[in-house]
Amino acid sequence: MAMSADRDERLRRYWDKHAESYDKQMGFSDRHFFGDSRSWVCSKASGEVLEVAVGTGLNLPHFPAGVHVTGVDWSPAMLDLARARAGHLGRDVDLREGDAQALPFDDASFDTVVCTLSLCTIPNHGKAIAEMARVLRPGGRLLLLDHIGSRWWPVWAVLRLVELFTARNGEYMTRRPLPMLAAAGLTVTESQQLKLGTVERVAAVRTA
């Protein structure tokens with residue numbers, strides 16, 4: 001337990017340190033790899049929305065006007081930037097510090113849960129998926145976007161090699177979260193893989 005707490009604190013410091021440069025880094029990735037994936041995910045949100053690992057709030061411009069967004073992140077520096085972005089956009093967003101692996105919300109609290117480009121960095125991504133399912137209302141929707149391990153083995157091998165270095169800072173390149181959804185009581189309604197199977201966007205509903 002102490003080792004896990006030390007790891008989480010180290011990763012929190014890492015993201016705090018890189019908060020100011022995060023938007024610039026993600027701008028390149030959004031243009032060249034993820035394309036319209038943020039808008040694809042966020043446009044499907046409705047009602048009370050929870051964004052897990054909201055980061056600097058890059059998704060906020062893409063949510064429909066009628067939804068109410070709550071965002072959690074474990075980096076205070078990231079949340080400060082998200083608050084500034086929400087203010088600039090004129091959006092009333094509830095932003096708070098929290099751990100995706102132990103969400104600070106009651107069961108069945110949200111109509112939609114969104115998580116983009118973060119399951120690759122959450123230490124126990126299976127636990128995070130279970131938590132997202134827990135806070136969804138029956139019939140609620142989970143919306144995911146992430147880079148994943150391609151099923152084309154030459155691409156997977158390259159990603160695995162990169163992962164040997166990125167995993168030191170908590171970023172995994174070969175995870176495949178989709179198979180975990182059924183165990184969490186979620187039924188996939190839409191799934192798309194892009195960029196040689198390295199980018200995946202998913203819509204699922206809570207059925208159990």
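Source: prediction; values computed, not measured.
For the salt bridge (Lys or Arg N to Asp or Glu O under 4.0 Å) condition, the pairs that include at least one residue of residues 164-191, sequence neighbours left out, are Lys44-Glu190. Identified under the salt bridge (Lys or Arg N to Asp or Glu O under 4.0 Å) test for residues 111-139, with sequence neighbours left out: Asp107-Arg134, Asp111-Arg137, Glu131-Arg134.
Annotation: side chain of Arg38 is in contact with side chain of Leu117 (closest heavy-atom distance under 4.5 Å). Under the 4.5 Å side-chain criterion, counting only non-hydrogen atoms from C-beta, Ser118 is not in contact with Val52. Residues Val199 and Leu145 form a side-chain contact, since some pair of their non-hydrogen atoms from C-beta on lies under 4.5 Å apart. With contacts defined as side-chain heavy-atom distances shorter than 4.5 Å, the pair Met132/Leu50 does not qualify. Looking at heavy atoms from C-beta onward, Arg201 lies out of side-chain contact with Phe34 at the 4.5 angstrom threshold. Residues Arg96 and Thr70 are in side-chain contact: their nearest non-hydrogen atoms beyond the backbone lie under 4.5 Å apart. Inter-residue side-chain proximity for Pro123 and Gln101 is flagged as met; some heavy-atom pair is nearer than 4.5 Å. For the pair Leu58/Tyr22, a side-chain contact is recorded, criterion being any heavy-atom separation below 4.5 Å from C-beta on.
Side-chain heavy atoms closer than 4.5 Å link hydrophobic residues (I, L, V, M, F, W, Y) into clusters, and following such links, possibly through other members, connects Trp74 to Leu79. Following chains of ILVMFWY side-chain contacts shorter than 4.5 Å, one cannot reach Tyr172 starting from Ile122, and the two form parts of different hydrophobic clusters. Val188 and Leu136 end up in the same hydrophobic cluster when Ile, Leu, Val, Met, Phe, Trp and Tyr side chains are linked at under 4.5 Å.
Residue Gln192 places its CD atom among more than 12 non-hydrogen atoms of other residues, nucleotides or ligands, all under 6.0 Å distant. For Phe33, the CZ atom is loosely surrounded, since the number of other residues' heavy atoms within 6.0 Å does not exceed 12.
Only one option out of Leu164, Leu159, Val158 pairs with Leu161 in a side-chain contact (heavy atoms from CB on, under 4.5 Å); it is Leu164. If you run side-chain hydrogen bond (donor to acceptor under 3.5 Å, both in side chains) between Ser21 and each of Gln25, His18, Lys17, Lys24, only Gln25 comes through.
Asp146 places no side-chain N or O within donor-acceptor distance of the main-chain N or O of Ile148, the cut-off being under 3.5 Å. A donor-acceptor distance shorter than 3.5 angstrom exists from the side chain of Thr112 to the backbone of Ser46, with no hydrogens or angles considered. Formation of a donor-acceptor pair under 3.5 Å by the Arg160 side chain with backbone atoms of Thr174 is not found in this model. The backbone N or O of Ala203 sits less than 3.5 Å from a side-chain atom of Thr189, completing a donor-acceptor pair. At least one donor-acceptor pair closer than 3.5 Å links the side chain of Arg31 to the backbone N or O of Gly27.
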Check step by step if side chain to side chain contact (heavy atoms under 4.5 Å, CB included) holds for Val67 and Arg91. CA-CA 10 Å; Val67 305; Arg91 295 204 70 142; 3.8 Å; yes
Candidate pair Asn59 and Val41, rule side chain to side chain contact (heavy atoms under 4.5 Å, CB included), full reasoning: CA-CA 9 Å; Asn59 286 332; Val41 166; over 6 Å; no
Go through it in stages, so that I can follow the logic: the residues are Ser109 and Glu48, the test is side chain to side chain contact (heavy atoms under 4.5 Å, CB included), and I'd like the CA-CA distance, side-chain angles, deciding distance and then a yes or no. CA-CA 8 Å; Ser109 294; Glu48 289 290 329; over 6 Å; no
Could you walk me through whether Phe63 and Val114 pass the side chain to side chain contact (heavy atoms under 4.5 Å, CB included) test, one step at a time? CA-CA 10 Å; Phe63 285 111; Val114 171; 4.0 Å; yes
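Using bins of under 30°, 30° to 60° and over 60° for the plane-to-plane angle, the ring pair Phe110/Phe105 lands in the perpendicular bin.
How far OG1 of Thr56 is from CZ of Arg85: 4.5 Å, rounded to the nearest 0.5 Å.
A salt bridge does not link Asp16 with Arg13: every distance from a Lys NZ or Arg NE/NH1/NH2 to an Asp or Glu carboxylate oxygen is 4.0 Å or more.
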